[in-house]
Each structure stands twice: as structure tokens, then as C-alpha cells.
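Each remark here refers to the structure printed beneath this line.
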Amino acid sequence: EHTILARAAHRNIAELHCAFAAVDAAGLPCGYLVMAYYANGTLEQAAAVGGGPLDDLNVARGLLLGVLRGLAHLHMLGVSHGDVKPANVLIDDAGVARLIDFETARDAGGALLTATVGVAAAAATAQFAAPEVLRGERPTPLSDAFSVGRAMLAVAANRPWAGTPAATQWHELAASLTKDAAADRVTVHAACQHPLFRGVPDVPVHDAVSLLPPFYWSGADTAHGSRLVDVAGDDFAGLQAALMRSCVVATLGVGQADR
């Protein structure tokens, strides 16, 4: 997953600070991603709030366009996300949508790109999955397009802008993304040009500077007697303190949840 995040750096994809592998107290391998922290939560959480930010049509359109642009960037790189849903979209401090969770991502040939323990066979969330994925076929960029359309319908439910011309455009775009046959769907690239987004301001890139450029750690946890090897430097204590102040550590695979 860290290789996808590092390769697919984009303003609409969650920012990776670093990744490292270690060994837990039981001697089992575990891995960590250190990600930027986005305090505004997920698109799913925003959609669940009555009177929340998505009640503003311009905010909703801007977030949706960000999701589409992030996916368009992934697809240009030959990567399908595989599990697009509101819970896998974070909102950063500048109100920019950020795609997360690439555990089901696949390359153009359909091969899983992640090697995280226990998730290689993970399935897409059924509520948002394309018909071909539910039939057991491998997800493609057009499967991601279907999932975006389903997410659009979930986000639009019970909004005060229902019944407006923009709401009609919203549902028209969702319908074009959620055709049963993949070949009949519009691509996310084409969706970015839909009239729904006419007049949506181009949200500036988050101006917060990354704490550190991406780098990688390997070795065992120093708490259990083994040396942790730094590929990029040797100030692990200072780095750890800085990361704890500024980032969230996500545990992956087998490992203690509090580590």
C-alpha cells in the first residue's frame, strides 16, 4: 500500500509521510504507515450530519470533483482503487477530498498491488461495488466509476438542494456512472468534465508542508532488543517524537493495535 501512496502522490490522495516494518512482541511481522492527519473526518461522517457541510451544494460538488480527480490520476497510472466509498474519502483542513485505503487496489492486469497480511483477498464493500465485482470479477477503472456513482447517491440523500437543477445534474451523472454494463458507463475522466462542475472553484493545494519526504524503515522494534535500521538517517528518537506530534500511525497486518 505504501508503494501506491508514494507513487500516486496527488492532492486528492492521502499524503504518506513514511512507512516501516517491524516485529511485534510475539515475533510476528507488522507494518506501519505514517499518514498526514486530516481532522475533518470522512465523507461518510460528513454525509451523516444534518445541517453539515454537504448541505452546501458547492461544498458537495467540490468534494465529489476531488474524488473523481484522485481516481482519474490513479487510473492514468494503471491502478484501480477497488473499494471506493464515502468512508474511504477523508477531508483535509482545506476542505479537499483525499482518497484512502488501497488494500484492494489492482494494476491494469487485475493483480492485487498490496501485500498486507490478511487482506490480499479483501472484497469491495457490497453497497458500492459494481455488478461485475459482485460476480467475482476483478475491479477495473470502470468498477471504480460505478462505486463513485453509488457514493454520489448516498451523499445526496435528504439534502436541502434536492429538486434543484444542480440536483438533477447530480443524479444524471450518478446514473451515467452506475450503468449495469461496464462498457456503458462514463469514465471518471469524462465525469470530471460534466456540467455539474461548471463554476466549481479550483480548490488550492493544501499549503501545509509535509513533515518529511517519504522514507522507509526496516528491522525489528528496538523495545524487544533488535536494532531498527534507518534507511534515510539515524535520528530515530527525534523522528519518532516529531511524527507523534504531527501524524497518525496506522497499524497494518499482524501487530499490536496500540503500537
Side-chain angles (χ1 to χ4, degrees), residues 10 12-13 42-48 52-76 79-91 96-106 108 110 122-200:
H10 185 271
N12 295 119
I13 295 174
T42 67
L43 184 59
E44 179 182 58
Q45 292 169 323
L54 294 179
D55 281 359
D56 184 328
L57 177 61
N58 286 330
V59 171
R61 290 192 302 167
L63 289 170
L64 173 59
L65 183 56
V67 172
L68 290 168
R69 285 175 171 169
L71 286 171
H73 179 69
L74 282 177
H75 296 169
M76 182 182 67
V79 175
S80 300
H81 185 283
D83 193 18
V84 179
K85 57 185 178 182
N88 282 342
V89 178
L90 288 173
I91 304 171
V96 175
R98 301 271 191 162
L99 289 166
I100 61 169
D101 194 352
F102 293 84
E103 292 179 349
T104 57
R106 292 178 182 267
T125 306
Q127 178 185 353
F128 301 99
E132 64 272 16
V133 174
L134 294 177
R135 291 194 299 265
E137 299 174 24
R138 292 171 174 174
T140 68
L142 288 171
S143 304
D144 284 347
F146 183 97
S147 298
V148 174
R150 279 293 181 88
M152 288 178 67
L153 296 174
V155 166
N158 302 314
R159 296 291 156 212
W161 37 269
T164 65
T168 300
Q169 290 181 324
W170 185 284
H171 286 279
E172 286 174 349
L173 177 56
S176 67
L177 290 164
T178 54
K179 301 290 186 183
D180 285 340
D184 293 337
R185 297 172 203 150
V186 300
T187 65
V188 296
H189 295 78
C192 289
Q193 308 304 317
H194 193 274
L196 172 65
F197 304 115
R198 193 170 295 145
V200 175

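Note: hydrogens, waters and symmetry copies are ignored here, and every other heavy atom, side chains too, is used.
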Using atom types as modelled, flag every donor-acceptor pair under 3.5 Å from a side chain in residues 141-149 to any protein atom, sequence neighbours excluded.
unit_1	atom_1	unit_2	atom_2	d
S143	OG	E132	OE2	2.8
S143	OG	T140	N	3.1
S143	OG	T140	OG1	3.4
D144	OD1	G82	N	3.0
D144	OD2	H75	NE2	2.8
D144	OD2	H81	N	2.8
S147	OG	F128	O	2.7
S147	OG	S143	O	3.3

Exercise for the section: Any chance you could lay out the side chain to side chain contact (heavy atoms under 4.5 Å, CB included) test for V89 and L63, step after step, and finish with the verdict? Expected result: CA-CA 9 Å; V89 178; L63 289 170; 6.0 Å; no

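Evaluated for a side-chain contact (heavy atoms from CB on, under 4.5 Å) with L99, the options L71, N12, L90 yield exactly one hit, L71.
For the residue pair W170 and L153, the shortest heavy atom distance occurs at NE1-N, 4.5 Å. Shown here for A167 and G163, the closest heavy-atom pair between the two residues is CB-N, 3.7 Å. Counting all heavy atoms, side chain and backbone alike, R98 lies closest to I13 at NH1-O, 3.1 Å. Closest approach of I91 and A46 over heavy atoms only: CD1-CB, 4.0 Å. Looking at every heavy atom in both residues, S176 comes nearest to L173 through OG-O, 2.7 Å. For L196 against M152, the heavy-atom pair with the smallest separation is CD2-CE, 4.4 Å.
Taking the side chain as every heavy atom from C-beta outward, Q169 and H194 approach each other to under 4.5 Å. Two residues are said to be in side-chain contact when any heavy atoms from C-beta on lie closer than 4.5 Å; V155 and L64 fail this criterion.
Within a 6.0 Å sphere centred on CZ of R135, heavy atoms belonging to other residues, nucleotides or ligands number more than 12.
Side chain of H10 to main chain of G70: no donor-acceptor pair is present (N/O by atom type, distance under 3.5 Å, no hydrogens or angles). Not one N or O on the side chain of W161 forms a donor-acceptor pair closer than 3.5 Å with the backbone of N58. A donor-acceptor contact shorter than 3.5 Å is absent between the side chain of D83 and the backbone of D101.
Among pairs with a residue in residues 163-176, none fulfils salt bridge (charged side-chain N to carboxylate O under 4.0 Å, His left out), at least two apart in sequence or across chains. Applying the salt bridge (charged side-chain N to carboxylate O under 4.0 Å, His left out) rule to pairs touching residues 149-162 yields D55-R159, sequence neighbours excluded.
By the side-chain contact (heavy atoms from CB on, under 4.5 Å) test, N158 pairs with no residue at all, sequence neighbours left out. Partners of L65 under the side-chain contact (heavy atoms from CB on, under 4.5 Å) rule, at least two apart in sequence or in another chain, are R69, C192, F197, V200. With sequence neighbours left out, E44 forms a side-chain contact (heavy atoms from CB on, under 4.5 Å) with T42, P86, A87.
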